[in-house]
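Take a look at the structure set out below.
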Amino acid sequence: MHNFGGMQNEIYNAGLHGILPDYPVDFATLAARAHEALGPMLTNYVAGGCGDEHTQDTNASAFRHWGMVPRMMVDCTTRDLSIDLFGMHLPTPLFMAPIGLNGEASQDRHGDMAAARASAMTGVPFCASTLSNDPLEDVFAATGDTPAFFQLYTPRNRELATSLIKRAEAAGYKAIVVTLDTWLTGWRPRDLNASNFPQLRGKVMQNYFSDPVFRSLLAKPPEEDPRAAIMLFAAIFGQVLTWDDVAWFKSVTDLPIVLKGICHGDDARRAADHGADAVYCSNHGGRQANGGIATIDLLDEVVKASGDLPVLFDSGVRSGTDAVKALAMGATAVGIGRPYTYGLAIGGAEGAAWVLRSILAEADLLMAVNGYPTLADVRKAGVRRTD
């Protein structure tokens, strides 16, 4: 058993010696410091969402209308937050959601490596993005003994898609997470007003630039003609996927195929019917489409429709309390997004690890105080609508 909640004792005991935390434990302070560290352009991209950002904001605020009822006289001296996923027994129910600008978030512009090291430090699996400032092989190596997943933006070139998947499999990633809602980008006013799309400026392109198939499509290597490489990326990014494509993904790898972006019960059922190995309930944090419903409000339907498939979840998770509510609603594992990237911005690997530890500590202590010693108890208790 891991005593994640013991982190608060570390902080209080250090305070007795005049030592204050280097990083904040709450999201509001974390975000404020990270925005200063990132600067306006990166903040626009990382913090921004689609349209007027209503969906993005609602993703986070909707957790407030779900509550849990405490149970007393339960021995919660120890808590078990471990889960089973893809044949692995994992010490925590969290994972680091894929974020395509991690590479730019740390001060050394190697944020993917820093995120991977944070994963190794905490035991929280990292879902590495196709969009990265470091090749996927190097990122995986930095995760140490902690399992990692690889998120795929499926290119229009099948040979390139196969190459990326095969590279991830050879490197040792444990699942392929196929993003379904990003074959083009949504309307993002913050980026549009700044005329800033980082990939077109050559950012987070290393998985493409290092790929043998991608390089074979160029007249000159990216090092000699980066502009041509960027234009090739733009031309082949974003394959429109249909249910028939699930069979193709299954045919090119033995790794579990996770479908990211499922928010409707019928889509969850079709995912199961077509052979997906897991469903990932997410609306991309409100970055791809505005006017939607908060993902936490859709999770129950997705879980019930997914049958025996694991259900991963993200969008709007800002705290350990949020994570426990999602687990109570039936999520198998909960993805942390912006909070750990903000940790990268203010402290690299150590900052991201601090954020993950803080979220785990809050989740652990909530379970202790509310009388839920295991995640099975959390799910049995469930959640109640409070408005």
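Sequential numbering from 1 along the given sequence is applied to the chain's residues.
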- Task: Ignoring hydrogens and angles, tell me if any N or O in the side chain of T332 forms a donor-acceptor pair with the backbone of V311 under 3.5 Å.
- Result: yes

- Task: Scan side-chain atoms only and decide if D297 and W66 contain a donor-acceptor pair under the 3.5 Å cut-off.
- Result: yes

- Message: Nearest 0.5 angstrom please: T92 OG1 to L360 CG, how far?
- Response: 5.0 Å

- Query: Atom OG of S106 and atom CG of D112: how far apart are they, to the nearest 0.5 Å?
  - Reply: 8.0 Å

- Message: Checking S132 against Q206: is there a side-chain donor and acceptor pair closer than 3.5 Å?
- Response: no

- Item | Donor + acceptor pair across side chains of T341, N102 (<3.5 Å) | yes

- Item | Salt-bridge contact D266-R269 (side-chain N to carboxylate O under 4.0 Å) | yes

- Item | Short N-O contact, R117 and E350, less than 4.0 angstrom | no

- Does CG in L192 sit with more than 12 non-hydrogen atoms of other residues, nucleotides or ligands closer than 6.0 Å? yes

- Message: Checking H110 against N133: is there a side-chain donor and acceptor pair closer than 3.5 Å?
- Response: no

- Item | Sidechain N-carboxylate O distance under 4.0 Å for D300, K304 | yes

- Message: Hydrogens and angles aside, do T185 and Q288 bring a side-chain donor and acceptor to less than 3.5 Å of each other?
- Response: no

- Item | D75 side chain to T77 side chain, donor-acceptor N/O pair below 3.5 angstrom | yes

- Message: Quick one about Q239 and R158 (side-chain donor to acceptor, distance below 3.5 Å, no hydrogens or angles considered), yes or no?
- Response: no

- Task: Show the numbers, then the answer: is there a side-chain contact (heavy atoms from CB on, under 4.5 Å) between V258 and D277?
- Result: CA-CA 6 Å; V258 184; D277 297 287; 5.7 Å; no

- Item | No-hydrogen, no-angle side-chain donor-acceptor test under 3.5 Å, N196 and N44 | no

- Message: For F63, is there any backbone N or O sitting under 3.5 Å from a side-chain donor or acceptor partner on K325?
- Response: yes

- Query: For the residue pair R215 and S210, what are the closest heavy atoms and their distance?
  - Reply: CD-C, 4.2 Å

- Message: Whether the side chain of R156 engages the backbone of G238 through a donor-acceptor N/O pair (distance < 3.5 Å, no angle test) should be reported.
- Response: yes

- Hey, does the side chain of T386 reach the backbone of H65 with a donor-acceptor pair shorter than 3.5 angstrom? yes

- With F95, which of F313, Y280, F86, F126 fulfils ring-ring contact (aromatic ring centres under 6.0 Å, His included)? Y280

- What about Y173 and F149, are their ring centers closer than 6.0 Å? no

- Query: When you look at H89 and S82, which way does the side-chain contact (heavy atoms from CB on, under 4.5 Å) test go after all the steps?
  - Reply: CA-CA 7 Å; H89 189 68; S82 65; 3.3 Å; yes

- Query: Considering all heavy atoms of both residues, which atom of N59 and which atom of A294 are nearest to each other, and what is their separation?
  - Reply: OD1-CA, 3.4 Å

- Message: How long is the straight-line distance from CG of D80 back to OG1 of T374, given to the nearest 0.5 Å?
- Response: 7.0 Å

- Query: Are R201 and E104 close enough for a salt bridge, meaning some N to O gap below 4.0 Å?
  - Reply: no

- Report yes or no: do Y208 and I236 belong to one cluster of Ile/Leu/Val/Met/Phe/Trp/Tyr joined by side chain heavy-atom distances under 4.5 Å? yes

- Message: Between R287 (side chain only) and Y45 (backbone N and O only), is there a donor and an acceptor less than 3.5 Å apart?
- Response: yes

- Looking at S282 and K260, what are the two nearest heavy atoms and their distance? OG-NZ, 3.7 Å

- Is there a donor-acceptor pair closer than 3.5 Å between any side-chain N or O of R79 and the backbone N or O of A363? no

- Query: Run the side chain to side chain donor-acceptor pair (under 3.5 Å) check on D211 and S163 step by step: do they pass?
  - Reply: CA-CA 7 Å; D211 192 90; S163 180; 2.8 Å; yes

- Just by modelled atom types, is the V252 backbone N or O under 3.5 Å from a matching donor or acceptor in the K166 side chain? yes

- Message: Restricting to non-hydrogen atoms, name the atom on G371 and the atom on V74 that form the minimum distance, rounded to 0.1 Å.
- Response: O-CG1, 3.7 Å

- Item | Backbone N/O of R188 and side chain of R190: donor-acceptor pair under 3.5 Å | no

- Just by distance, with hydrogens left out, do T182 and H284 show a side-chain donor and acceptor under 3.5 Å apart? yes

- Message: Measuring centre to centre across the rings, with the benzene-like ring taken for any Trp, is Y153 within less than 6.0 Å of F237?
- Response: yes

- Message: Taking the basic N atoms (NZ, or NE/NH1/NH2) and the acidic carboxylate oxygens, is any pair closer than 4.0 Å for R357 and E10?
- Response: yes

- So, D322 side chain and R318 main chain: donor-acceptor pair closer than 3.5 Å or not? yes

- Message: Just checking D108: does its CG atom have more than 12 heavy atoms from other residues, nucleotides or ligands closer to it than 6.0 angstrom?
- Response: yes

- Item | Within 6.0 angstrom of K250 NZ, more than 12 heavy atoms from elsewhere | yes

- D387 and R64 ion-paired at < 4.0 Å: no

- Task: Tell me, yes or no, whether the heavy-atom count around W187 atom CH2, taken from other residues, nucleotides or ligands under 6.0 Å, exceeds 12.
- Result: no

- Message: Strictly distance-based, threshold 3.5 Å: is any side-chain N or O of D191 a donor or acceptor partner for the main-chain N or O of F197?
- Response: no

- Is there a donor-acceptor contact under 3.5 Å linking the side chains of N207 and T130? no

